[in-house]
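Here's the structure, in structure tokens; my notes come after.
As the structure is a computational prediction, the values presented were derived from the model and not from experiment. Start at 1 and go down the list; that is how both ligands and their atoms are numbered.
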Amino acid sequence: MAILLGSIADDYTGASDLANTLTKNGLRTVQTVGIPDPALALPDVDAVVVSLKVRSVPASDAVAAAASAERWLRQLGAGHVLYKICSTFDSTDAGNIGPVTEALSDAAGGGVVLVTPAFPETGRTVYLGHLFVGGQPLNESPLRDHPLNPMQDANLVRVLTRQSRNAVGLIDLTTIAAGPDAVKARLDALRTAGITAVIADAIFERDLETLGEVALEMPVSTGASGLGLGLARALVRSGRISSDAATTADAIRPVGGLSAIVAGSCSKATLHQLDIAERSMPVLRLDPERLLAGPDEIAAAISWAGDRISAGPVVIAASAAPETVARLQSLHGREASGHAIETATSIIAAELVGRGVRRLVVAGGETSGAAVDRLAIPAFLIGPEIAPGVPVLRTVGNAQGDMLLALKSGNFGGEDFFTAALAMMH
Ligand SMILES: Nc1ncnc2c1ncn2[C@@H]1O[C@H](COP(=O)(O)OP(=O)(O)OP(=O)(O)O)[C@@H](O)[C@H]1O
Ligand SMILES: O=C(O)[C@@H](O)C(=O)CO
């Protein structure tokens, strides 16, 4: 199997978001969980997205994991590798978007890398280097209260500079609107000035098509699904994709079994989706203090689910409003409380699968990563889209038999996301 495009995603929901975008734009795509065992038979595809769980780990660990994934993707034939980051640029000043971008550039022989989190379909746009989420600058959006990486600066040139060894440049919208040649000329000038990473503006998909065309001629880029869209469309236009169109239908053959939803995302979108789900399904709100105190809360949740799940889907959520999260974090620390809750929700997900759940929705990137790791799922095929950025996934090579999953990024999905997801998973 020789692939054309490789991607390293910094979390699992982000990986499925990108795989969905690549599939929708004509690339046959598989999502792997880390670098899979060589014995795993992967389908014949144009693109491979390696899911890593490195968004919130020390930058040196992220660099090491990304470097191994890059080597594996190049061995598979990838001419271009996209480092998939969050469309809201989730990271701290000690974050790894800068270090991983610079390391991937070094591995490819040096040179400048385009960086843009723009994803217009979900309202993420970049203008003069400033990221907007819907109508709001990043630092005024709900992301300012993120439990792990509160985003308090919308100026991405500044944010990336704080994480980078080298200076960071900007390609503004006027240059991008002038087309690929203008972008290349500007990149040449920035390269000569010693710049490695360049934040690129993008508001419309046509901007991302221009950036995708330019990026495809370079070995590495960093961005969210919008840049994936640009790269996929450029590959299709180049005539290098076989006419065997990407198909998602096979991925949703029924798997039967029980269904459940596990949520650890504390985003505004997820909190509202949980309120709406409460009207049609039993929802258990976990007590975060009790979760941190010991295993009793987990056992109580499994027992609660056991009493109800044969009658229909159940929802188990650790998610809480920013004030509650802040209180817990002030008592136990940000990372310790996040990690302990992820461990708890992943144990709950695995126990539910042990009791016959085969259709599972998980809300939250870190939460999904922990659950998928505990379930030891090696890879996914990409099914149809439930909501922008969230496809149905079918497991490949899963020890528990075929399952359908949806891994929802915290901020994605309409208010009825949970019922909409389960309605597509049989
Ligand atoms: N009640 C709570 N108090 C404190 N932390 C919590 C609570 N519930 C969940 N968490 C933690 O908050 C973090 C939420 O991150 P996660 O990535 O899962 O969601 P998200 O950030 O909304 O999603 P995404 O990264 O896809 O945007 C996890 O570490 C989770 O364990
Ligand atoms: O890009 C996004 O917003 C998502 O794919 C994501 O990574 C959120 O975790």
List every atom of ligand 1 that sits less than 4.0 Å from any heavy atom of [X], numbering the atoms from 1 in the order shown and giving each element.
| X | answer |
| --- | --- |
| G410 | 22 (O), 23 (O), 24 (P), 26 (O), 27 (O) |
| P147 | 12 (O) |
| R55 | 25 (O) |
| C266 | 6 (C), 7 (C), 8 (N), 9 (C), 10 (N), 22 (O) |
| H146 | 20 (P), 21 (O) |
| P288 | 1 (N) |
| A318 | 1 (N), 2 (C), 7 (C), 8 (N) |
| A320 | 1 (N) |

Quick test of your reading of the model: are [X] and [Y] salt-bridged, counting only N-O distances below 4.0 Å?
| X | Y | answer |
| --- | --- | --- |
| R162 | D153 | yes |
| E70 | R74 | yes |
| D93 | R158 | no |
| K408 | D11 | no |
| K53 | E366 | yes |

Are any side-chain N or O atoms of [X] and backbone N or O atoms of [Y], one a donor and one an acceptor, separated by less than 3.5 Å?
| X | Y | answer |
| --- | --- | --- |
| R374 | A370 | no |
| R358 | L404 | no |
| E102 | N166 | yes |
| S51 | G34 | no |

Nearest protein heavy atom with distance in Å, relative to [atom]:
| atom | answer |
| --- | --- |
| atom 1 (O) of ligand 2 | S87 N, 2.8 Å |
| atom 9 (O) of ligand 2 | R55 NH1, 2.8 Å |
| atom 3 (N) of ligand 1 | L328 CD2, 3.5 Å |
| atom 6 (C) of ligand 2 | S409 OG, 3.4 Å |
| atom 29 (O) of ligand 1 | E342 OE2, 2.6 Å |
| atom 5 (O) of ligand 2 | D17 OD2, 2.5 Å |
| atom 2 (C) of ligand 1 | I341 CD1, 3.6 Å |
| atom 30 (C) of ligand 1 | G264 O, 3.6 Å |
| atom 17 (O) of ligand 1 | E366 N, 2.8 Å |

Heavy atom of S337, distance to ligand 1 below 4.0 Å =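 Not so, S337 does not reach ligand 1.
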
For ligand 2, indicate whether the residue T122 contacts it via side chain, backbone, both or neither (heavy-atom separation under 4.0 Å).
->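 It is neither; nothing of T122 touches ligand 2.
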
Looking only at heavy atoms, is any part of F119 under 4.0 Å from ligand 2, and if so is it the side chain, the backbone, or both, or is it neither?
->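 Neither part.
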
Mind checking whether [X] contacts ligand 1 via backbone (N, CA, C, O), side chain (CB onward), both or neither, at a 4.0 Å heavy-atom cut-off?
| X | answer |
| --- | --- |
| T13 | side chain |
| L148 | side chain |
| H339 | neither |
| Q329 | neither |
| S265 | both |

Would [X] count as being in polar contact with ligand 1, using the rule that some N or O on each side must be under 3.5 angstrom apart?
| X | value |
| --- | --- |
| C86 | no |
| A363 | no |
| T367 | yes |
| G338 | yes |
| D90 | no |

Which heavy atom in [X] sits nearest to a heavy atom in [Y], and how many Å separate them?
| X | Y | answer |
| --- | --- | --- |
| L114 | M218 | N-CE, 4.2 Å |
| A305 | L352 | CB-CD2, 3.7 Å |
| L286 | A318 | CD1-N, 4.0 Å |
| T32 | V50 | OG1-CA, 3.5 Å |
| V220 | S105 | CG2-N, 4.5 Å |
| A94 | A59 | O-CB, 3.9 Å |

Is ligand 2 less than 4.0 angstrom away from at least one heavy atom of G365?
->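 It does not; every heavy atom stays at 4.0 Å or beyond.
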
Find all atoms of ligand 2 within a distance of less than 4.0 Å from any non-hydrogen atom belonging to [X], and give their numbers and elements.
| X | answer |
| --- | --- |
| K84 | 1 (O), 2 (C), 4 (C), 5 (O), 6 (C), 7 (O) |
| T13 | 9 (O) |
| D11 | 7 (O), 9 (O) |

Tell me, yes or no, whether the heavy-atom count around [X] atom [atom1], taken from other residues, nucleotides or ligands under 6.0 Å, exceeds 12.
| X | atom1 | answer |
| --- | --- | --- |
| E335 | CD | no |
| H339 | NE2 | no |
| F132 | CZ | yes |

Evaluate the criterion salt bridge (Lys or Arg N to Asp or Glu O under 4.0 Å) for residue pair E415 and R279; output intermediate values, then yes/no.
-> CA-CA 12 Å; E415 64 173 22; R279 297 180 191 162; 5.3 Å; no

Examine R124 against ligand 2 and note whether any of their N/O atoms are separated by less than 3.5 Å.
->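 Such a contact does not occur with ligand 2.
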
Using distance alone, decide if ligand 2 has a nitrogen or oxygen within less than 3.5 Å of any nitrogen or oxygen in T88.
->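 It does not: no N or O of T88 is found under 3.5 Å from an N or O of ligand 2.
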
What do the steps show when you test D201 against I171 for side chain to side chain contact (heavy atoms under 4.5 Å, CB included), and what is the final call?
-> CA-CA 6 Å; D201 282 355; I171 298 215; over 6 Å; no

